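Chain naming here is simple, since letters A, B, ... match the order of the sequence lines and numbering starts at 1 in each. Here the structure is a predicted model, which is why all the values come from computation and not from measurement.
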Number of protein chains: 2
Amino acid sequence: MIFTAIRSRPTLSEMKESEAADPRPYHHGDLRRALVEAAVRLVEADGPGAMSLRAVAREAGVSPAAPYHHFKDKSELLDAVAHEGWEKLDLAFQTARDAQTSPPDRVRELGVAYVRFAMTHPALYRVMYDCSRDKADMPAHVRENEESAYRRVKDVLISAGADPADEVGLELATIACWCAAHGLAEMTSFRQFDALKAELGGEDAFLRGVLSHVGVFAKGLQR
Amino acid sequence: MIFTAIRSRPTLSEMKESEAADPRPYHHGDLRRALVEAAVRLVEADGPGAMSLRAVAREAGVSPAAPYHHFKDKSELLDAVAHEGWEKLDLAFQTARDAQTSPPDRVRELGVAYVRFAMTHPALYRVMYDCSRDKADMPAHVRENEESAYRRVKDVLISAGADPADEVGLELATIACWCAAHGLAEMTSFRQFDALKAELGGEDAFLRGVLSHVGVFAKGLQR
DNA sequence: CGTCTATCTTAGCGCTGTTCAAATAACAGA
DNA sequence: TCTGTTATTTGAACAGCGCTAAGATAGACG
């Protein structure tokens with residue numbers, strides 16, 4: 001068997017003492033994890049379109065049918081990829097929030113961090129949004145991460161002076177934040193703006209320039 | 001031949017007196033047009049993912065290979081679909097611009113019209129953006145329409161009081177407008193916000209509430 | 001009328017997502 | 001340690017996809 005050669009991984013008994021997290025790694029060790037990692041690798045390398053289930057299986061060194069015992073669908077695998085993405089985004093958010101900046105600036109820098117994330121992981125970012133958009137029946141764990149990032153924006157807004165009592169206003173402001181950042185994230189890749197970026201002296205200046213038109217980014221919160 | 005039965009269309013000689021626009025309609029009448037229309041129909045009906053070239057050919061009543069004499073690629077057909085979309089959007093913009101509203105409100109209403117378009121034609125809207133995003137080598141006619149819509153936003157901003165001399169500022173404001181509207185367009189489909197929409201008394205109120213956080217939408221232009 | 005060219009078809013390649021029965025590896029209990 | 005059960009993986013197969021190549025056909029043009 002080719003397989004025993006590939007699997008230079010811990011056996012079940014060995015795994016149990018290191019990390020007994022997931023149900024049970026069998027033949028492969030932890031194929032589910034391996035598949036997600038391979039998928040992320042392929043998506044980031046060649047774009048979401050190039051990520052076929054068969055290619056992922058190939059990358060992981062298993063047969064084309066193997067993934068179907070860990071994901072009912074291709075879309076379920078993509079959900080897992082998106083999940084990974086939301087976790088990375090949340091990490092970027094934490095870093096931005098903890099940076100040494102005044103609360104109002106912190107709001108804007110959160111926006112910049114968001115857009116920067118989208119630019120650093122464009123394909124992953126696209127998968128994240130396609131997953132969120134396509135399904136009314138969004139899987140719980142994706143929704144969870146998405147809401148966690150959403151809440152983080154809201155928290156920064158509050159710390160920047162938003163009134164937590166004005167629930168509706170706060171909600172609208174958070175959405176406006178997110179909309180502007182998401183919109184900007186999808187636009188920055190357009191070559192059209194290269195000249196403008198140069199004129200402003202770099203990409204960050206461009207981002208800040210656009211975001212400063214959004215009230216909450218520009219001057220904290222006052223409705 | 002099945003074919004002669006399907007073709008109850010003007011022959012070449014008949015066409016020449018009505019509209020001699022495109023190179024030459026041969027066997028089918030004007031297959032190129034028929035394919036684009038079929039494609040738009042399929043996209044709007046079943047989403048962009050369901051639009052296969054073969055399905056389009058089937059819908060138009062021709063063989064799977066026929067489209068390749070009018071489009072070198074599937075992506076080229078999608079470009080044509082996107083083109084159709086940008087034209088529709090531009091039409092919606094004209095209507096919004098000509099409505100009886102004060103210039104500052106006109107800016108916001110342009111945003112609302114944009115988002116409404118995206119909600120009315122969600123699949124078409126997605127095709128439009130996927131086309132714009134995917135290619136650095138965006139086909140000229142798509143880019144053209146895109147820029148026409150972009151310019152329309154800028155014009156409304158000027159008519160609302162923006163300083164045409166401040167080119168950079170105007171550009172940034174236009175982009176901010178577009179970003180917020182595009183971001184909002186992609187978010188409104190999220191079920192998450194249904195409660196909030198209800199609380200605000202409808203979708204339009206929700207849209208205006210979010211857009212009012214963007215400086216240019218809220219109060220015309222002052223930088 | 002014959003020739004020519006654009007248009008369309010038929011057939012086929014390799015790829016995809018997905019299903020199914022059969023094989024295999026790990027575990028549980030004797 | 002052997003046995004049966006179950007989770008995991010494979011191999012083969014299906015329909016559908018984008019796309020190509022070669023041949024048929026219909027209209028345009030001399």
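- Whole-Å rounding puts the Arg32(A) CZ to dT8(D) C1' distance at 15 Å.
- Taking atom CD of residue Glu76(A) and atom P of nucleotide dG17(C), one finds them 15 Å apart after rounding to whole Å.
- Leu77(B) and Met51(B) get closest at one heavy-atom pair: CD2-CE, 4.2 Å.
- Closest contact between the side chain of His69(B) and the listed nucleotides dG18(D), dT10(C), dT7(C) involves dT7(C).
- Glu109(A) and Arg97(A) are not joined by a salt bridge, as no carboxylate oxygen comes within less than 4.0 angstrom of a charged side-chain nitrogen.
- Distance CD (Glu59(A)) to P (dT16(C)): 13 Å, rounded to an integer number of Å.
- Scanning residues 46-58 of chain B for heavy-atom distances under 4.0 Å to DNA chain D yields Ser52(B), Leu53(B), Arg54(B), Arg58(B).
- Here the nucleotide nearest the side chain of Leu31(B), chosen from dC20(C), dT20(D), dC8(C), is dC8(C).
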Salt bridge (charged side-chain N to carboxylate O under 4.0 Å, His left out) evaluation trace for Glu147(B) with Arg151(B):
CA-CA 6 Å; Glu147(B) 277 170 10; Arg151(B) 190 168 310 272; 5.2 Å; no
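- Of the candidate nucleotides dT9(C), dT18(C), dC19(D), dC19(D) has the atom nearest to the side chain of Tyr68(B).
- One finds no side-chain N or O of His70(A) lying less than 4.0 angstrom from the OP1 or OP2 phosphate oxygen of dA7(D).
- For the pair Phe71(A) CZ and dT19(C) P, the computed distance is 16 Å after rounding to whole Å.
- dG27(D) atom P lies 15 Å from atom CG of Asp30(B), rounded to whole Å.
- With respect to His182(B), the ring pair (Phe, Tyr, Trp, His ring centres under 6.0 Å) criterion is satisfied by exactly one of Tyr129(B), Phe117(B), Tyr114(B): Tyr129(B).
- Lys197(A) places no side-chain N or O within 3.5 Å of a backbone atom of Ala205(A) that could act as its donor or acceptor partner.
- Of the charged side-chain nitrogens involved, none lies within less than 4.0 Å of a carboxylate oxygen, so that Lys88(B) and Glu84(B) do not count as a salt-bridged pair.
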